[in-house]
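What follows is one structure encoded as structure tokens, with my remarks underneath.
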Protein chains: 2
Amino acid sequence: MPSASPTVLGALDPTSDRAVFRQIADQLREAIDKGRFKEGDKLPSEAELVEHYGVSRMTVRNSLSVLQGEGLVVSEHGKGVFVRPRPPVRRLASDRFARRHRQQGKSAFTVEAEAAGSRPEVDSLEVKEERPTQEISTRLGGPRRVLARRRRYLLDGRPVEFAVSYLPLDLASETPIAEPNPGPGGIYARLEENGHRLDHFDEEVCARMPSPQEAKTLRLAAGVPVIHLIRTAYDTEGRAVEVCDTVMAADAYVLAYQLPAT
Amino acid sequence: MPSASPTVLGALDPTSDRAVFRQIADQLREAIDKGRFKEGDKLPSEAELVEHYGVSRMTVRNSLSVLQGEGLVVSEHGKGVFVRPRPPVRRLASDRFARRHRQQGKSAFTVEAEAAGSRPEVDSLEVKEERPTQEISTRLGGPRRVLARRRRYLLDGRPVEFAVSYLPLDLASETPIAEPNPGPGGIYARLEENGHRLDHFDEEVCARMPSPQEAKTLRLAAGVPVIHLIRTAYDTEGRAVEVCDTVMAADAYVLAYQLPAT
DNA sequence: CACGGAAACTCGTATAGACGAGTAGCCCTC
DNA sequence: GAGGGCTACTCGTCTATACGAGTTTCCGTG
């Protein structure tokens with residue numbers, strides 16, 4: 001038997017100039033906000049909403065697409081429409097690249113994820129020489145070719161981040177940096193071993209909606225933006241030694257920074 | 001006479017299993033990406049696309065709503081659908097709260113905007129005592145009442161940011177901080193004058209889609225996320241003296257930070 | 001020439017119907 | 001009891017139509 005009439009929902013106001021599909025979206029949104037539908041709960045089916053409000057199915061679908069665009073719900077073909085579960089958030093601390101955090105065998109991502117009780121994975125690892133975009137080249141001081149290290153990070157099977165590191169060839173070629181696994185401490189440890197002591201990192205953060213390609217790679221639900229982070233690493237001589245271009249599922253991250261007051 | 005047939009667009013592949021509305025969205029997206037439609041350009045009207053592809057209007061609208069959700073286009077009632085103009089971006093530097101940047105009369109926002117050739121405004125200014133949310137209270141060390149300073153920032157008439165500062169009453173009451181205009185250098189200058197020398201700021205950054213209220217306040221187009229930034233200011237004794245909760249139009253900002261390598 | 005208004009064009013909202021495809025549960029068969 | 005298939009339910013895609021409302025254009029009137 002189908003579930004009972006959605007009693008948590010009210011009636012439409014025919015005198016309002018607010019469009020019917022917006023009124024329906026408002027009521028569903030309010031019910032979600034007030035916890036009458038909780039994370040992962042199934043919303044009334046389209047057919048039930050059609051019945052309850054006495055409107056056509058396209059109107060109901062329009063309402064639901066509003067909520068999808070807001071990132072409140074996700075729909076699953078053949079199953080229903082569900083309140084979007086909020087995954088555990090990964091917090092990136094401002095000291096995450098401090099030397100003391102460089103691990104002996106595992107990557108920082110792996111260690112941190114396991115400490116948080118998640119199952120970390122890295123896939124799509126690809127290391128190759130290529131011609132950089134104008135922007136990457138400029139940030140690195142103008143090289144015409146660079147080493148690019150691409151990889152995707154997953155937590156508990158869910159992709160959360162896709163990153164590409166670019167390094168000048170003279171720092172990376174014929175070193176472990178050009179290998180898929182650069183060894184303990186990662187590429188920053190290798191750079192320092194080779195005489196490029198790191199001084200600081202610049203990060204630029206912006207947020208936007210994903211391209212279809214990014215949405216696919218990160219398996220993003222509708223209404224989930226990405227955080228685009230571009231980090232440049234500088235050595236003590238002021239040379240840019242690495243640029244890392246990262247696209248993160250925005251619902252999986254909080255970035256933390258510390259700013260000086262001086 | 002209506003504009004000519006949209007020759008920049010191709011034909012549908014009836015053998016593809018990709019939905020028709022996705023194929024149309026793909027072609028429009030590609031045309032935009034390749035610059036055949038530039039920022040602010042008007043796309044072919046729905047009627048023209050119906051004509052060109054030989055599909056129903058709802059299918060065309062479905063395609064356009066995909067592109068809206070990606071933030072690529074905006075539609076204007078009675079005018080058409082346009083490639084979304086990318087506004088000038090405001091870059092927030094990591095030293096933006098350094099003492100040397102505190103201005104003598106105007107606010108940091110005003111000075112910086114004028115330097116960039118924009119016309120800055122601040123409105124919706126509201127200062128009042130209130131009971132903080134659990135989260136704000138915790139960050140401030142547990143006060144039961146706080147002073148809240150709300151304001152909205154605009155550049156060239158466009159709202160870009162809405163911010164609320166919360167301060168413990170014992171630091172703010174009966175000082176210029178409780179006035180709409182706290183005077184030169186802003187509330188940080190006043191706090192330091194009153195013996196609370198600032199030591200550092202913690203910032204937490206996340207991104208998400210706006211609530212309908214936020215979309216309205218910031219006049220956000222569909223497909224534009226917000227950056228949610230929570231900053232806590234600490235004095236040299238380690239006390240949290242202010243929490244600033246800021247929601248920014250993501251397409252108007254790039255945040256820049258500097259991280260130590262040590 | 002200036003103004004007003006009609007016409008044509010734009011997107012917004014809503015209806016009714018049809019078929020397809022993914023999922024889950026039930027029942028019947030073996 | 002296990003397996004397979006049917007059925008009911010879910011959302012996905014698409015058509016055709018109608019009217020409303022905001023914008024632009026242009027023309028005719030004064």
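Chain letters run A, B, ... following the sequence lines, proteins first, then strands; residues in each count from 1. Since this is a predicted model, take the numbers as computed values, not measurements.
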Check: If you round to the nearest 0.5 Å, how far is CZ of B:R91 from CD of B:E112?
Finding: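 With rounding to 0.5 Å, CD (B:E112) is 10.5 Å from CZ (B:R91).
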
Notebook entry, point to check: Taking DNA chain D as the partner, which of residues 61-76 of chain B come within under 4.0 angstrom of it by heavy atom?
Noted result: none

Between [X] and [Y], is there a donor-acceptor pair closer than 3.5 Å when you use the side chain of the first and the backbone of the second?
| X | Y | value |
| --- | --- | --- |
| B:R149 | B:E179 | yes |
| B:Q27 | B:I24 | no |
| B:R96 | B:A93 | yes |
| B:R151 | B:V122 | no |

Next item on the list: Could you go through the salt bridge (charged side-chain N to carboxylate O under 4.0 Å, His left out) check for B:D245 and B:R139 one step at a time?
Entry: CA-CA 11 Å; B:D245 185 304; B:R139 286 177 195 260; over 6 Å; no

Report the distance from atom [atom1] of [X] to atom [atom2] of [N], rounded to the nearest whole Å.
| X | N | atom1 | atom2 | answer |
| --- | --- | --- | --- | --- |
| B:L49 | D:dT15 | CG | C1' | 17 Å |
| B:L43 | C:dT10 | CG | P | 13 Å |
| A:F82 | D:dC11 | CZ | C1' | 10 Å |
| A:Y53 | C:dT15 | OH | P | 14 Å |
| A:K79 | C:dA21 | NZ | P | 19 Å |
| B:E51 | D:dT15 | CD | C1' | 17 Å |
| A:K42 | C:dT23 | NZ | P | 15 Å |
| B:R18 | C:dA21 | CZ | P | 17 Å |

Check: Where the side chain of B:R22 is defined as all heavy atoms beyond and including C-beta, which of D:dC14, C:dA14, D:dT13 is the nearest nucleotide?
Finding: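 Closest of the options to the side chain of B:R22: D:dT13.
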
Margin query: Tell me whether A:R131 at atom CZ has more than 12 heavy atoms from other residues, nucleotides or ligands lying less than 6.0 Å away.
Written below: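 Open: at most 12 neighbouring heavy atoms sit under 6.0 Å from CZ of A:R131.
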
Under 3.5 Å, which N/O atoms of the protein pair with N/O atoms of nucleotides 17-20 of chain D?
from: D:dG20; atom 1: N2; to: B:H77; atom 2: NE2; distance (Å): 3.3

Margin query: Using 30° and 60° as the class boundaries, would you call the ring planes of A:Y257 and B:Y257 parallel, tilted or perpendicular?
Written below: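 A:Y257 vs B:Y257 ring planes: parallel.
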
Next item on the list: Would you check, one step at a time, whether the test side-chain hydrogen bond (donor to acceptor under 3.5 Å, both in side chains) holds for B:Y53 with B:Q23?
Entry: CA-CA 10 Å; B:Y53 287 111; B:Q23 293 187 47; over 6 Å; no

